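Numbers restart at 1 for each chain; the letters A, B, ... are given by sequence-line order, proteins then strands. Since the structure is predicted, the reported quantities are computational estimates derived from the model, not experimental observations.
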2 protein chains.
Amino acid sequence: MNISDAAARTGIPPKTIRYYEDIGLIAPDRADNGYRDFSETAVGKLDFLGRARALGFSINECRDLLALWEDKARASADVRRIAASHLAAIEAKINDLTAMRGTLAHLIETCAGDHRPDCPILADLAGGDCC
Amino acid sequence: MNISDAAARTGIPPKTIRYYEDIGLIAPDRADNGYRDFSETAVGKLDFLGRARALGFSINECRDLLALWEDKARASADVRRIAASHLAAIEAKINDLTAMRGTLAHLIETCAGDHRPDCPILADLAGGDCC
DNA sequence: GCTTGACCTTCCAGTGACTGGAACCCCCAT
DNA sequence: ATGGGGGTTCCAGTCACTGGAAGGTCAAGC
């Protein structure tokens with residue numbers, strides 16, 4: 001299977017697939033003409049990567065998860081540890097963003113948003129000690 | 001004021017301050033010896049930038065906000081528009097992350113996390129059609 | 001006056017995870 | 001044989017810094 005078919009099957013753009021090979025995440029076969037040749041196994045790996053990336057795992061976490069997936073003697077504790085630490089990072093990010101959202105929503109509410117220059121948003125950014 | 005004092009006052013690292021000058025966000029004075037010389041006004045701008053960045057505004061949004069801040073004839077609607085679109089982006093990101101958190105938390109819950117290889121997390125990443 | 005160490009300067013390179021583009025090769029249908 | 005739509009590599013750019021090297025400057029202590 002050529003790269004564009006693998007891309008269509010997995011939803012991962014060809015450019016990204018090449019990048020994944022570049023950084024050693026995958027190593028698809030090569031046809032005689034130099035084209036990458038994706039086996040079902042290779043497509044499966046790409047699918048795995050796509051789903052792991054969609055869950056927000058970093059490339060390096062994906063690398064580790066992929067290795068564990070391949071390792072039939074893995075301990076599920078290792079997988080769980082990676083996932084748990086990623087979950088913690090996600091929760092931290094959600095907390096940050098939620099705080100930002102709170103502040104921003106409040107500021108936007110109190111801003112008239114008309115032609116006049118008075119703006120509590122700028123006032124807050126300028127002073128910080130507002131409200 | 002030298003750069004490290006400005007950094008201490010604003011909480012923005014010297015490296016970042018230099019970077020902000022590089023990309024034209026700020027333009028501090030220069031002393032005769034070539035050192036940057038930060039006025040109170042310049043420190044005020046840095047403070048503004050620090051708070052805007054802490055609210056997650058991009059550098060370009062900061063640039064626009066800074067320009068509006070300087071423009072005494074601005075319309076608050078312009079500020080509000082920037083903030084509102086940023087808020088929408090934050091909310092979208094929160095939604096994404098919340099979905100990830102849900103999936104991850106569920107997977108982690110169902111994973112034994114022991115020495116055995118069986119792992120619903122990997123199963124989900126591999127198949128996606130689990131549960 | 002000299003040294004030392006802390007500060008400042010510039011410039012270059014690397015991060016993460018792609019993405020765009022140029023230049024070129026290959027295959028198939030007409 | 002030619003045209004178009006694949007494929008290939010490599011280089012550069014994104015965003016917002018961050019680290020490090022090489023060198024200039026300043027204030028304090030001997």
For [X] versus [Y], what's the shortest heavy-atom pair and its separation?
X      : Y      : answer
A/A105 : B/L87  : CA-CD2, 4.1 Å
B/I90  : B/L55  : CD1-O, 3.9 Å
B/P120 : B/T110 : CG-O, 3.2 Å
A/W69  : A/G44  : CH2-O, 4.1 Å
B/C119 : A/V79  : SG-CG1, 3.5 Å

Subject >> N/O (side chain, B/R36) to phosphate O (OP1/OP2, C/dC8) under 4.0 Å >> reply: no
I need the [atom1]-[atom2] distance between [X] and [N], as an integer number of Å.
X     : N      : atom1 : atom2 : answer
B/I17 : D/dA16 : CD1   : C1'   : 15 Å
B/I3  : C/dC7  : CD1   : C1'   : 11 Å
B/R18 : D/dC17 : CZ    : C1'   : 13 Å
A/E21 : D/dT9  : CD    : C1'   : 11 Å
B/D22 : D/dT14 : CG    : P     : 14 Å
B/I26 : D/dC17 : CD1   : P     : 12 Å

Quick test: give all pairs of protein nitrogen or oxygen and nucleotides 15-18 of chain C nitrogen or oxygen below 3.5 Å, distance rounded to 0.1 Å.
residue, atom, partner, partner atom, Å
C/dA17, OP2, A/I59, N, 3.3
C/dA17, O3', A/R53, NH2, 3.3
C/dC18, OP2, A/Y20, OH, 2.7
C/dC18, OP2, A/R53, NE, 2.8
C/dC18, OP2, A/R53, NH2, 3.4

Original post:
Looking at DNA chain D, which of residues 81-99 of chain B put a heavy atom within less than 4.0 Å of it?
Top reply: none
Quick one: are [X] and [Y] in side-chain contact, heavy atoms under 4.5 Å?
X     : Y     : value
B/I17 : B/P14 : no
A/N2  : A/F38 : no
B/R18 : B/R36 : yes

**OP:** State whether A/E61 and A/R53 are salt-bridged, where the test is any N-O pair (Lys NZ or Arg NE/NH1/NH2 against Asp/Glu carboxylate O) under 4.0 Å.
**Re:** no
**OP:** Decide, yes or no, whether a salt bridge links A/K45 with A/E40 under the criterion of side-chain N to carboxylate O below 4.0 Å.
**Re:** no
Original post:
With a 4.0 Å cut-off on heavy atoms, is A/I23 in touch with a base, just the backbone sugar-phosphate, or nothing at all?
Top reply: nothing
Subject >> Nucleotide-resolved protein contact map, nucleotides 20-30 of chain C, B/S/- at heavy-atom distance under 4.0 Å >> reply: BB----BS---
Original post:
What is the distance from atom CG of A/D22 to atom OG1 of A/T16, rounded to the nearest 0.5 Å?
Top reply: 11.5 Å
Original post:
Which pairs count as side chain to side chain donor-acceptor pair (under 3.5 Å) when at least one residue sits in residues 76-98 of chain B, sequence neighbours excluded?
Top reply: A/D114-B/S76, B/D78-B/R81
Original post:
the helix from C/dG1-D/dC30 to C/dT30-D/dA1: angle between its terminal axes, five pairs each, to 10°?
Top reply: 30°
**OP:** Could you name each residue pair satisfying ring pair (Phe, Tyr, Trp, His ring centres under 6.0 Å) that touches residues 2-32 of chain B, not counting sequence neighbours?
**Re:** none
